[in-house]
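Every value quoted in this text rests on a predicted model; they were computed, and no experiment measured them. Atom set for the values below is all heavy atoms of this structure, side chains included, hydrogens, waters and symmetry mates excluded.
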Amino acid sequence: MFRSHMDAALSEARAAADRGEVPVGAVLTDPAGRVVAAAGNRTRELSDPTAHAEILTIRAACAAAGSERLPGHRLWVTLEPCPMCAAAISAARIAVLYYGAADPRMGGVAHGARVFDHPQCHHRPEVYEGIAAEPAAELLRHFFAARR
């Protein structure tokens, strides 16, 4: 039975915004559908440009699994992953990617680098875009409007 975890990812994104981070959240489920990791962006807090929600979630899940690969896992992200995160998703062998808002400027899945379409990409997850896209986009619009 299909169950969306985008609400939890949106909650992680809101928590990121409350910390002053770009509001992106991610949730990773195992093959049985259990949540194994969740995170929001922490690039500023950790002074780490790689501390995107997807990377933090993948790191936590891999550490818990004791493996660098997560076959059968599903990743829920509020924003289209950037090229760095798309490459990490591929390297971790995540089976399915669900994402909310498109990112025409910095995206790496449907826009820009299109990492999964690259001939050197060894693993291509199933991709479903536009899941709760409007609430995810609204979080981002509100966040950046407040900073202008």
Side-chain angles (χ1 to χ4, degrees), residues 1-46 48-65 67-116 121 123-147:
M1 185 163 105
F2 178 80
R3 177 174 176 226
S4 175
H5 292 275
M6 193 57 80
D7 284 343
L10 285 164
S11 179
E12 291 289 341
R14 285 189 286 277
D18 290 344
R19 293 189 302 272
E21 302 278 357
V22 174
V24 177
V27 173
L28 192 66
T29 60
D30 68 11
R34 294 177 298 246
V35 173
V36 294
N41 277 356
R42 291 185 181 272
T43 59
R44 289 180 172 210
E45 177 184 340
L46 299 176
D48 180 355
T50 70
H52 290 193
E54 301 94 319
I55 299 293
L56 296 173
T57 302
I58 291 168
R59 284 177 183 161
C62 286
S67 174
E68 76 280 12
R69 296 201 175 145
L70 301 166
H73 286 63
R74 295 168 180 256
L75 182 64
W76 305 81
V77 186
T78 58
L79 181 65
E80 176 183 352
C82 72
M84 173 185 69
C85 292
I89 290 164
S90 177
R93 307 301 196 264
I94 291 171
V96 184
L97 167 65
Y98 303 93
Y99 71 85
D103 190 352
R105 189 173 143 266
M106 297 296 294
V109 176
H111 299 90
R114 298 179 191 237
V115 171
F116 304 138
C121 181
H123 171 77
R124 293 162 182 83
E126 288 180 54
V127 176
Y128 298 92
E129 59 186 84
I131 311 296
E134 188 49 41
E138 183 58 31
L139 269 173
L140 290 158
R141 280 192 295 273
H142 184 272
F143 178 82
F144 287 112
R147 276 145 184 78

A.B. asks: Return the minimal non-hydrogen interatomic distance between A16 and V22, and the atom names on each side.
C.D. replies: CB-O, 3.9 Å
A.B. asks: Between the side chain of S90 and the main-chain N/O of R124, is any donor-acceptor distance below 3.5 Å?
C.D. replies: no
A.B. asks: For A9, does its backbone N or O pair with a side-chain atom of T78 as donor and acceptor, under 3.5 Å?
C.D. replies: no
A.B. asks: List the atom of A86, the atom of P81, and the distance in Å for their closest heavy-atom pair.
C.D. replies: N-CB, 4.1 Å
A.B. asks: Taking atom CZ of R44 as the centre, report whether more than 12 heavy atoms of other residues, nucleotides or ligands fall under 6.0 Å from it.
C.D. replies: no
A.B. asks: With sequence neighbours left out, what residues match E12 under side-chain hydrogen bond (donor to acceptor under 3.5 Å, both in side chains)?
C.D. replies: none
A.B. asks: Checking T43 now: which residues fulfil side-chain hydrogen bond (donor to acceptor under 3.5 Å, both in side chains) with it, not counting sequence neighbours?
C.D. replies: E21
A.B. asks: Would R14 and L139 count as a side-chain contact (heavy atoms from CB on, under 4.5 Å) here? Give the steps.
C.D. replies: CA-CA 7 Å; R14 285 189 286 277; L139 269 173; 3.6 Å; yes
A.B. asks: Using the test ring pair (Phe, Tyr, Trp, His ring centres under 6.0 Å), find all partners of F144 that sit at least two apart in sequence or belong to another chain.
C.D. replies: none
A.B. asks: Checking R59 now: which residues fulfil salt bridge (charged side-chain N to carboxylate O under 4.0 Å, His left out) with it, not counting sequence neighbours?
C.D. replies: D48
A.B. asks: Run the salt bridge (charged side-chain N to carboxylate O under 4.0 Å, His left out) test against R34 and tell me which residues pass, sequence neighbours left out.
C.D. replies: D30
A.B. asks: Which residues pass the salt bridge (charged side-chain N to carboxylate O under 4.0 Å, His left out) test with D7, sequence neighbours left out?
C.D. replies: none
A.B. asks: For the residue pair P31 and P71, what are the closest heavy atoms and their distance?
C.D. replies: CG-O, 3.7 Å
A.B. asks: Can you tell me which residue pairs pass the side chain to side chain donor-acceptor pair (under 3.5 Å) test with a partner in residues 68-77, sequence neighbours excluded?
C.D. replies: R74-Y98
A.B. asks: Look up atom CD1 in I89 and atom CG in L28, then write down how far apart they are to the nearest 0.5 Å.
C.D. replies: 9.5 Å
A.B. asks: Given 3.5 Å as the limit, does a donor-acceptor pair link the side chain of H111 with the main chain of R105, or not?
C.D. replies: no
A.B. asks: Just to verify, what does A26 make a side chain to side chain contact (heavy atoms under 4.5 Å, CB included) with, not counting sequence neighbours?
C.D. replies: A53, T57, L75, V77
A.B. asks: Between E54 and L79, which heavy-atom pair has the shortest distance, and what is it?
C.D. replies: OE2-O, 4.1 Å
A.B. asks: What residues, two or more places apart in sequence or in another chain, satisfy side-chain hydrogen bond (donor to acceptor under 3.5 Å, both in side chains) together with H142?
C.D. replies: none
A.B. asks: Which residues pass the side chain to side chain contact (heavy atoms under 4.5 Å, CB included) test with V127, not counting sequence neighbours?
C.D. replies: L97, Y99, V109, F116, P125
A.B. asks: With sequence neighbours excluded, what pairs up with E138 under the salt bridge (charged side-chain N to carboxylate O under 4.0 Å, His left out) test?
C.D. replies: R141
A.B. asks: My understanding is that only residues two or more places apart in sequence, or in another chain, count here; which of them pass side chain to side chain contact (heavy atoms under 4.5 Å, CB included) with A88?
C.D. replies: I55, I58
A.B. asks: Determine the minimum heavy-atom distance between A110 and E129, stating which atoms define it.
C.D. replies: CB-OE1, 4.2 Å
A.B. asks: For E80 and D103, which heavy atoms make the closest approach, and how far apart are they?
C.D. replies: OE1-N, 2.9 Å
